[in-house]
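To keep things clear, I will list the structure first and then write my remarks on it.
Not measured: the values here are computed from a predicted model.
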2 protein chains.
Amino acid sequence: MDEHTDQTRKPRADAVRNRERVLEAAKAVFNAGGPEASLEAVAKRAGVGIGTLYRHFPTREDLFEAVYRREVEQLSEFAEQLKSAKDPVDALRRWLRSGVEFVATKKGMVAALALAVQSGSELHAFSFERLSKAIGSLLDRAAAAGAMRADVSPEDLLRAFFGMCYMHDQPGWQSSVLRMLDVFVDGLRVQPVPKPKARASKAAKPAAKRKR
Amino acid sequence: MDEHTDQTRKPRADAVRNRERVLEAAKAVFNAGGPEASLEAVAKRAGVGIGTLYRHFPTREDLFEAVYRREVEQLSEFAEQLKSAKDPVDALRRWLRSGVEFVATKKGMVAALALAVQSGSELHAFSFERLSKAIGSLLDRAAAAGAMRADVSPEDLLRAFFGMCYMHDQPGWQSSVLRMLDVFVDGLRVQPVPKPKARASKAAKPAAKRKR
DNA sequence: GAAGATACGGAGGTAGCCTCCGTTTAACAA
DNA sequence: TTGTTAAACGGAGGCTACCTCCGTATCTTC
């Protein structure tokens, strides 16, 4: 009866408890020591053996994913709330700004995501998909309203955003990023101006160091 | 007499040779295996003992610095050449575009720089200083000409640029970054302060992901 | 050619990764 | 309760990489 019609046992209480402990420890350790912190330190802090940690989270990325999934979810939800805002460009700007604050408080997340990107992990795929979808509607709305150029994808935007945030441990990064995001959003607006000067849109290939 | 007035001996020939070998090996190994590749692999490839490697380059960052300093120099020089260009905004755009190509060929560099940023290393300091100076004059010129907003520092720009390039191992990163840079440069132009105009004409590039 | 400075190399101590398996413990049935 | 059994636990141990240290080899200089 109940939900165990498929003859699965109830999960063991100690397993559930330990999983939770590991997660909490990981959060603390990663936030303090960066995403390369020792997994054995995590296990020790959680009060479990290293084997237990690996059973629950076979790879480092699995652990990241479990730790940061919730955060990504939050960011996405905020984007979805903004869908009802009046000015779509302003909504986008607000999302980006709140993203900066978010990053500022969850220091570990960007580093973890950056690492995830490089290893093409699950976390990266999930995060990008989730966030892209959430932002996509903001972008679409703005583009449909003619308030913003339409050739920029949510993925582009995310890359730029997280890229900028990646420098987040230098002094003054926050105001720098905010400044850059303003520039960026300004650039996103549809330009009614084809050429205030020389429009360098043709493939201005620099005479730099190209092979051949 | 000659240049050794300060009673320094001539450097030993084997030392010079080994240093060069290590550098070359490091270049190859880092480009192939990323900046976290094993230093012992580097030593082996160079045909020297691990001790020799560490004597010449006490830290991993020292090795990065030696490997990538030349590349940074090249990028800086190109920026300096562009100082004589007519349109300063266009010059900036060209520099950024050539930067993308540069990154595309020197895959290891961005990762190394990214790592350097996080550890606040020498390489980072040097690169930022050198590049900032080179770009700074471009920015100043553009700002002085009234063609571009003046509240964006070279450091800001570099952060944004390298941040965007950091995603450089995803499919299609290059066109994505180019797109983003265009947006960015557009945003940098001094705004005649357009409120969101409702016109989308040039934004009609939906299937235009192809290189020209 | 000898002396002395300089550089070489790799053994070895440390640390973190991850696997494997004997032991323990919780869930379920009787 | 108690017995059975599947599931989870923990940590020893093998591996790899980091980095230091110092006896030995090699180069420069005189």
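- If you check the side chains of A/T59 and A/D62, you find a donor sitting under 3.5 Å from an acceptor.
- Expressed to the nearest 0.5 Å, how far NZ of B/K106 lies from CZ of B/R70 amounts to 9.0 Å.
- What separates CZ of B/R19 from P of C/dG9 is a distance of 16 Å, to the nearest Å.
- A donor-acceptor pair under 3.5 Å is absent between the side-chain atoms of B/S176 and the main chain of B/G172, judged by distance alone.
- Salt bridge annotation for A/R17-A/D14: absent, with no cationic side-chain nitrogen under 4.0 angstrom from a carboxylate oxygen.
- Scanning DNA chain C for stems, defined as runs of 3 or more consecutive Watson-Crick or G-U wobble pairs whose donor-acceptor distances all fall under 3.5 Å, gives the following ranges: C:1-30 with D:1-30.
- Two residues, A/L39 and B/V48, neighbour DNA chain C, and the one matched to the more 5' nucleotide by heavy-atom proximity is B/V48.
- Per the geometry, CZ belonging to A/R12 stands 11 Å off P belonging to C/dC28, to the nearest Å.
- Aromatic ring centres of B/F64 and B/F30: separated by under 6.0 Å.
- Among the nucleotides C/dA5, C/dC28, D/dC18, the one closest to any side-chain atom of A/R9 is C/dC28.
- Remark: B/R130 engages B/E80 in a salt bridge, criterion side-chain N to carboxylate O under 4.0 Å.
- Counting only distance, with no hydrogens or angles, the side chain of A/D156 and the backbone of A/S153 share a donor-acceptor pair below 3.5 Å.
- In the region residues 55-65 of chain A, proximity to DNA chain D at under 4.0 angstrom, judged on heavy atoms, holds for A/R55, A/H56.
- Residues A/R179 and A/D182 are not paired through a salt bridge, judged by the lack of any N-O separation under 4.0 Å between the basic side chain and the carboxylate.
- If you measure from atom NZ of B/K44 to atom P of C/dA11, you get 12 Å, rounded to the nearest angstrom.
- For C/dG9, one of the phosphate oxygens OP1 or OP2 lies less than 4.0 angstrom from a side-chain nitrogen or oxygen of B/T52.
- Distances were taken from every side-chain heavy atom of B/Y54 (C-beta onward) to each of D/dC19, C/dG9, D/dC27; the shortest belongs to D/dC19.
- The distance between atom CZ of B/R17 and atom C1' of D/dT26, rounded to the nearest whole Å, is 10 Å.
- Close to D/dA8, at under 4.0 Å from its OP1 or OP2, lies no side-chain N or O of A/N18.
- The nucleotide whose nearest atom lies closest to any side-chain atom of B/I50 is, among D/dT20, D/dC18, C/dC8, D/dT20.
- Backbone-only engagement by B/S38 is indicated by non-hydrogen atom pairs under 4.0 Å involving sugar-phosphate atoms exclusively.
- With D/dC27, D/dC9, D/dT28 as the choices, the nucleotide that has an atom nearest any side-chain atom of B/D14 turns out to be D/dC27.
- Which of C/dT19, C/dA27, D/dC19 sits closest to the side chain of B/E40 comes down to D/dC19.
- Between the CZ atom of B/R141 and the CG atom of B/L92 there is a distance of 10.5 Å, given to the nearest 0.5 Å.
- The nearest pair of heavy atoms linking A/G187 to A/R149 is O-CD, 3.9 Å.
- Between A/R21 atom CZ and D/dC9 atom C1' the separation is 12 Å, expressed in whole Å.
- Distance, A/E36 CD to D/dA17 P: 16 Å, rounded to whole Å.
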